[in-house]
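What follows is a short report on a single structure.
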Amino acid sequence: MRRLLVLYGTALTSVLLVSFLVPLGLLARSIAHDRAIEAAHQEQQSLSVIISNTGRRHLAQSVDALNTGQRQTTVFLPGGSLVGGAVPRTDSIALAATGRAFTASTAGGVEVLLPVASGDGTTVIRTFVPNGLLAQGVRKAWSTLAVVGALLLLGAVVVADRIAARLSRSVRDLAEVAERVGHGDLGATVAPSGPREVASVGRVLNSLGARIAAMLTDERELAADLSHRLRTPVTALRLDVETLTDDDERLRMTEHVDALVNAVDVAVSEARLPSHVREIGRSDAVEVVLERARFWEVLAHETGRALQVDVPDMQADVAVSARELEAALDALVDNVFSHTPAGTSFGLAVACEPDSSVVDVSVEDGGVGIAQSGLAKRGVSSAGSTGIGLDVARRTADHGRGELLIEKSAAGGARVVMRFPRPFTTLNGSLLRR
């Protein structure tokens, strides 16, 4: 931005300098031309006075005195003789002899002709002004104007650079703070500076970050309050479980209640933690899928659902924690149980080749699939379709720098794929895929 502003300022200054300095240079040339012609006229006037008053007695001496410079003067007398340099009679001389004074261009310069009437006829005074006299001082004037123009242009560049540096610094500070806010650092602020408009944007950005932070704080507090609201019903549930007479049933239900309490505590803890300070986790997708398959296998058997697990015989690391990946898989499997009839088969799978750059973790079923009208956009569920399962899976894929894909399964139902890029690990200074 700074470079662009300097270029704009330089271009504008250059146009202005050319608009003013070129006419000044042309004016200097015109003045030099007129000055040389005027000097010739003055010399001719002095000779005309001599011719009119003294005749020819001092004419030769006066002409010789004038011809010591670059101008050369010749006097054509009525009888055909001449005084001064030998110059042939031309049509210009004949025209001037008729009583007409004028200036005409000739080889190497211009000739200034002045007729002087006397008793024995018309005398013509011809003064030759060379081009060197006509342009005397013009080169110096152009050089001076060029130096002045260069100094003015240099000054304009320096001033434009200072102004552009101040403006670009203000805009750069705004961009840096905006990027920090965009990445979740809502406490980032900028000191408003620069032009009034830019400073106004800085103040608005500061207030925007503060307002968003306040809103998120309220949301986190509401989420934290969830744990307090659930304590009473969970405690009542735990008491009901303790009344079970079957020891195995009581133990199994106690484990479920403990898992429920732990899940709520984790959700509240993550809700209260700002997203930009959360650490990027890492887990083995194969291990997580096998563990969750064992968990859901009991309920699948009780509801007559066939469960198929397909994982590779290798480690498949993804850039999300095991706990987060478990929550996403549980949400997707819960969708299968909630939105497909009993007896519908489903499967969990991990697809990863040794040299592949991605890991696909998928859940599919043999139901009727997900209607496109039930999806607000790719991987985002809407009310009345698949619940919050897709939203949880989408967030998990986003945290792992991946994406969520909705496809049709081989059995005709839905296939939800969390596609993660494989993380890198460092070994002896080299980056290798796991």
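Bear in mind the structure is a predicted one, so any value in this text is a computation, not a measurement.
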Between G99 and P115, the two heavy atoms sitting closest are C-CG, 3.5 Å
| task | Answer yes or no: does atom CD of Q72 have more than 12 heavy-atom neighbours from other residues, nucleotides or ligands under 6.0 Å? | result | yes
Taking C-beta and beyond as the side chain, do S362 and L348 meet within less than 4.5 Å on heavy atoms?
-> no
Minimal heavy-atom distance between V392 and A327, with the atoms involved, is CG1-O, 4.1 Å
- prompt: Is the shortest distance from a Lys or Arg side-chain nitrogen in R252 or E249 to a carboxylate oxygen in the other one below 4.0 Å?
  reply: yes
Residue set satisfying side-chain hydrogen bond (donor to acceptor under 3.5 Å, both in side chains) with E43, at least two apart, ordered chain then number -> R71
**Prompt:** Are a donor atom and an acceptor atom from the side chains of E111 and T106 found within less than 3.5 Å of each other?
**Reply:** no
Exercise. Begin from the C-alpha positions of V358 and F420 and carry the test side chain to side chain contact (heavy atoms under 4.5 Å, CB included) through to its verdict.
Key: CA-CA 5 Å; V358 297; F420 300 98; over 6 Å; no
query = Can you find a pair of side-chain heavy atoms, one from L153 and one from S14, that are under 4.5 Å apart?
reply = yes
Side chain to side chain contact (heavy atoms under 4.5 Å, CB included) filter on A411, not counting sequence neighbours, yields S409
- request: With the side chain counted from C-beta on, respond yes when I212 and L208 share a heavy-atom pair under 4.5 Å apart, and no when they do not.
  value: yes
Residue set satisfying salt bridge (Lys or Arg N to Asp or Glu O under 4.0 Å) with R139, at least two apart, ordered chain then number -> none
dist E291:CD -> W296:CH2 (nearest 0.5 Å) comes out at 11.5 Å
Do V350 and D310 pass the side chain to side chain contact (heavy atoms under 4.5 Å, CB included) test, and can you show the C-alpha distance, the side-chain angles, and the key distance before you say yes or no?
CA-CA 6 Å; V350 176; D310 183 10; over 6 Å; no
inquiry  = Measuring only between side-chain heavy atoms, which start at C-beta, is L390 closer than 4.5 Å to I406?
reply    = yes
* Within a strict 4.5 Å, meaning less than it, do heavy atoms of the R292 and D330 side chains meet? -> yes
*Considering residues, nucleotides and ligands other than D246, do more than 12 of their heavy atoms fall under 6.0 Å from its CG?*
yes
Side chain to side chain contact (heavy atoms under 4.5 Å, CB included) filter on E297, not counting sequence neighbours, yields L307
Evaluate the criterion salt bridge (Lys or Arg N to Asp or Glu O under 4.0 Å) for residue pair R395 and D391; output intermediate values, then yes/no. CA-CA 6 Å; R395 286 195 297 270; D391 293 326; 5.5 Å; no
For F346, the ring pair (Phe, Tyr, Trp, His ring centres under 6.0 Å) test, sequence neighbours excluded, returns F337
* Derivation of the side chain to side chain contact (heavy atoms under 4.5 Å, CB included) call for H41 and L114 -> CA-CA 8 Å; H41 282 153; L114 176 68; over 6 Å; no
Walk me through whether V309 and L290 qualify under side chain to side chain contact (heavy atoms under 4.5 Å, CB included).
CA-CA 8 Å; V309 180; L290 290 176; 3.9 Å; yes
Hits for ring pair (Phe, Tyr, Trp, His ring centres under 6.0 Å) against F295, two or more places apart or cross-chain, chain-then-number order -> none
Closest non-hydrogen contact found for A40 with V129 is CB-CG2, 3.9 Å
On a heavy-atom basis, the closest approach of V359 and A316 is CG1-CB, 4.0 Å
Hits for side chain to side chain contact (heavy atoms under 4.5 Å, CB included) against A210, two or more places apart or cross-chain, chain-then-number order -> none
Rounding to 0.5 Å, atoms CG (N335) and CG (D365) come to a distance of 9.5 Å
With heavy-atom distances below 4.5 Å as the criterion, would you say the side chains of L113 and S92 are in contact? yes
Lys/Arg-Asp/Glu bridge criterion (N-O < 4.0 Å) met for R250, D247: yes
Applying side-chain hydrogen bond (donor to acceptor under 3.5 Å, both in side chains) to T340 and not counting sequence neighbours gives R305
Separation between CD (Q308) and OG (S345), nearest 0.5 Å, reads 8.0 Å
Rounded to the nearest 0.5 Å, the CG atom of L134 sits from the CZ atom of R29 at a distance of 11.0 Å
### Query
Are M418 and L329 close enough that some pair of their side-chain heavy atoms sits under 4.5 Å apart?
yes
Applying side-chain hydrogen bond (donor to acceptor under 3.5 Å, both in side chains) to E242 and not counting sequence neighbours gives none
In terms of heavy-atom contacts, L404 and A393 come closest through CD1-CB, 3.9 Å
Just checking, is any N or O donor in the side chain of D317 or Q315 under 3.5 Å from an acceptor N or O on the other one? yes
Do V416 and E364 have side chains that approach each other closer than 4.5 Å (heavy atoms only, starting at C-beta)?
no
One should read off an interatomic distance between Q136 CD and H33 NE2, to the nearest 0.5 angstrom, of 13.5 Å
* Asked: Do the side-chain N and O atoms of T127 and T73 include a donor-acceptor pair separated by under 3.5 angstrom?
  -> yes
Taking S356 for the side chain and C352 for the main chain, is one N or O donor matched with an acceptor at less than 3.5 Å? no
For V320 and S283 the tightest heavy-atom approach is O-OG, 2.8 Å
Margin query: Taking L26's backbone N and O only, do any of them form a donor-acceptor pair with S30's side chain (distance below 3.5 Å, no angle check)?
Written below: no
By side chain to side chain contact (heavy atoms under 4.5 Å, CB included), L95 pairs with (sequence neighbours left out) T98, R100, F102
Residues at least two apart in sequence or cross-chain that pass ring pair (Phe, Tyr, Trp, His ring centres under 6.0 Å) with W142, listed by chain then number, are none
In this structure, CD of E287 is separated from CG of L325 (nearest 0.5 Å) by 10.5 Å
Residue set satisfying side-chain hydrogen bond (donor to acceptor under 3.5 Å, both in side chains) with T396, at least two apart, ordered chain then number -> none
